[in-house]
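Below: one structure, written as structure tokens.
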Amino acid sequence: MPYNKYSRIVTQDPTQPAAQAMLHAIGLNEEDFKKPFIGIASTGYEGNPCNMHLNQLSLNIKKSINAKGLIGLIFNTIGISDGISMGTPGMRFSLPSRDIIADSIESVVQGMSYDGIVTVVGCDKNLPGALMAMLRLNRPGVLVYGGTIDSGNHNGKELDVVSAFEAWGEKVSGKIDENEYKCVIRKSCPGAGACGGMYTANTMASAIEALGMSVPFSSSNPAKSSDKIDECNLIGDTVDTLIKKNILPSQIVTKKSLENALRLISVLGGSTNAVLHFLAIAKAANIDLKLNDFQSISDKTPFLADLKPSGKYLMKDLHKVGGIPAVLKFMLENNMLHGECLTVTGKTLAENLSKTSSLTKDQNLIRPLDKPIKSTGHIRILYGNLAPQGAVAKITGKEGFYFKGPARVFDGEYAANDGIKKGIVKKGDVVVIRYEGPKGGPGMPEMLKPTAALMGAGLGKDVALITDGRFSGGTHGFVVGHVVPEAQEGGPIALIKDGDIISIDAENNLIDVNLSKNKLESRNKKWVKPPNKFSMGIMVKYVNNVSNASEGCVTDKINE
């Protein structure tokens, strides 16, 4: 099979003179027309530290690809900063951007007849969006992560973006003054790179490395490091191997490699957003993955990593003790991975890890198996009369495993933020934030601002929070999201009133409101569906097409 399987449609067909003329215009010659064309999809843009350096990395990657006798062609797709849009109307557009990224990369590679694809990604939705496109295309490709940010520092305390969110809660509760608040803001994010804890971007990057779709160390090499530059400079070798051996994403992303990714997420205490994203990734790969699969893997996998948000360390610290490859090697040695899975290097995961150093001795970041932070994973899939089709909890063990209290109901995040600021939320409450699901939000915005405010106000250990929205990877506390059916669809969460007693049992995976079936049915008859918040544009398309959270919020579901 020719290496230029797709590009030859335009470069080798004599009935395509206009296409060839336009390729001459970009500087290619007839010898170049015989070479494979590799699309380099950059999510680089100036407005976000996670992405601000990606266009430069893409240039390094292009140089590396061209040095191998291939033709690298850079194009761009979008990105939306969760950190900047958090708590604003802009946050509604974050999750939908995942599918726009996937659609745009798929469109360019198909439309331009590229033979392979390198995706260069930074912020949260970039990673799953890019991978979904790569799986749909099923052409040789590799994902390159832009890397994690360095930590900030104020008065000897390490800071990251969540420090800034929690500082707002400290300020409104009177714990710190305005000057201290501004200092934390100025110093939290010192430069390029994705948010520094085991938040969504680092969670997804780590899991995708375990999946086999990025090269070793891609997820833990810091953004501003010579290691990241060296990685990009070697991508040409990786792409050359993939093209010549015709190694496709469908050979790499299998049910077993997905299990590897999900097990690593459990070990690291990763973001609950990974549930949404891996459901969507599995669908793009045509692999049967269900919500309950996350629970079964969590039941068998300990939580070992003392990483923020619930722990002490940042991704840069993990890099210093061996990075994600050292964690994977530890897992492989303890029979927690399928080592036979193929990766983008052309070798198996076990073969890659055979050349990797073990975790640094005397490190405290990854706990030994006999002293886990929690003996099972932190992700819990809950069901009950409040979530008949499922909900996702993030329980690290530090919050306890059971919470029962009266509901404090808010129709939307902004009302909840005001309630926290005014002191309406009290110890023992179960805060309910509804009408924030994929259709109700719309866009299923993240609830980091209210959860960080609760932490900053000193209520983090004394209240629970449930929502049909989702959470940032930076969220910690007794929180349950992804409640399905959502309020906008008339789910039981829409029927709760202040004072209703809600119980959350993270050991038996139950979430219930103390109301009879007849009472819920009576309230349901009186419920009136609110009007959609948008009447035109992308959000109308999204609401009309998006599936529920338990199905991954995909927008290409075939209506049966």
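Every heavy atom of this structure was used, including side-chain atoms; hydrogens, water molecules and symmetry mates were not. We count residues from 1, following the sequence as given.
- D500 and R523 are joined by a salt bridge, as a carboxylate oxygen and a charged side-chain nitrogen come within less than 4.0 angstrom of each other.
- Two residues are said to be in side-chain contact when any heavy atoms from C-beta on lie closer than 4.5 Å; M447 and I433 meet this criterion.
- A side chain to side chain donor-acceptor pair (under 3.5 Å) with R434 is found for exactly one of D468, T467, D411, namely D411.
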V432 and F410: CA distance, side-chain angles, deciding distance, side chain to side chain contact (heavy atoms under 4.5 Å, CB included) verdict: CA-CA 6 Å; V432 178; F410 299 99; over 6 Å; no
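- Checking Y199 against D124 by side-chain atom types alone, no donor-acceptor pair falls below 3.5 Å.
- Between K449 and E436 no salt bridge is recorded (no basic side-chain N to carboxylate O distance below 4.0 Å).
- Taking a cutoff of 4.0 Å between a charged side-chain nitrogen and a carboxylate oxygen, K283 and D556 qualify as a salt bridge.
- A salt bridge is defined here as a Lys NZ or Arg NE, NH1 or NH2 lying under 4.0 Å from an Asp or Glu carboxylate O, and D317 with K308 fails to meet this definition.
- Heavy atoms from other residues, nucleotides or ligands lying under 6.0 Å from NZ of K421 number 12 at most.
- In this structure, H378 and F303 have tilted ring planes: the angle between them lies in the 30° to 60° band.
- Looking at N545 and T555, their side chains never bring a donor and an acceptor atom within 3.5 Å of each other.
- Interatomic distance, CD1 of I395 versus CZ of R380, reported as 9.0 Å (0.5 Å rounding).
- Two residues are said to be in side-chain contact when any heavy atoms from C-beta on lie closer than 4.5 Å; I493 and E486 fail this criterion.
- Looking at heavy atoms from C-beta onward, L307 lies out of side-chain contact with M315 at the 4.5 angstrom threshold.
- The side chain to side chain contact (heavy atoms under 4.5 Å, CB included) test with V409 singles out one residue from V431, I496, V430, D429, and that residue is I496.
- Open room surrounds NZ on K541; 12 or fewer heavy atoms of other groups in view lie less than 6.0 Å from it.
- Between the OG1 atom of T43 and the CG atom of L127 there is a distance of 8.0 Å, given to the nearest 0.5 Å.
- Using a 4.5 Å heavy-atom cutoff, the side chains of V275 and L291 are in contact.
- Environment of CG in N286: sparse, with no more than 12 heavy atoms of neighbouring residues, nucleotides or ligands closer than 6.0 Å.
- Using a 4.0 Å cut-off between charged nitrogen and carboxylate oxygen, R92 and E413 count as a salt-bridge pair.
- Using a 4.5 Å heavy-atom cutoff, the side chains of D160 and I149 are not in contact.
- Each salt bridge (Lys or Arg N to Asp or Glu O under 4.0 Å) pair with one or both residues in residues 542-554, not counting sequence neighbours, appears once here: E551-K557.
- Rounding to the nearest 0.5 Å gives a distance of 14.0 Å between NZ of K519 and CG of N385.
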Pair L95-V546, side chain to side chain contact (heavy atoms under 4.5 Å, CB included): steps then yes or no: CA-CA 11 Å; L95 184 58; V546 69; over 6 Å; no
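- A donor-acceptor pair shorter than 3.5 Å can be found between the side chains of T200 and S271.
- Between N126 and N51, the side chains place a donor N or O and an acceptor N or O closer than 3.5 Å (distance only, hydrogens not considered).
- For S94 and D82, the side-chain atoms include at least one donor-acceptor pair closer than 3.5 Å.
- Considering only heavy atoms from C-beta on, F401 stays 4.5 Å or farther from D505 through its side chain.
- A 4.5 Å side-chain heavy-atom check between I373 and L304 finds every atom pair outside the cut-off.
- The closest side-chain donor-acceptor pair between S503 and D512, if any, does not fall under 3.5 angstrom.
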From CA spacing to verdict: side chain to side chain contact (heavy atoms under 4.5 Å, CB included), L349, N260: CA-CA 10 Å; L349 181 64; N260 287 344; 3.8 Å; yes
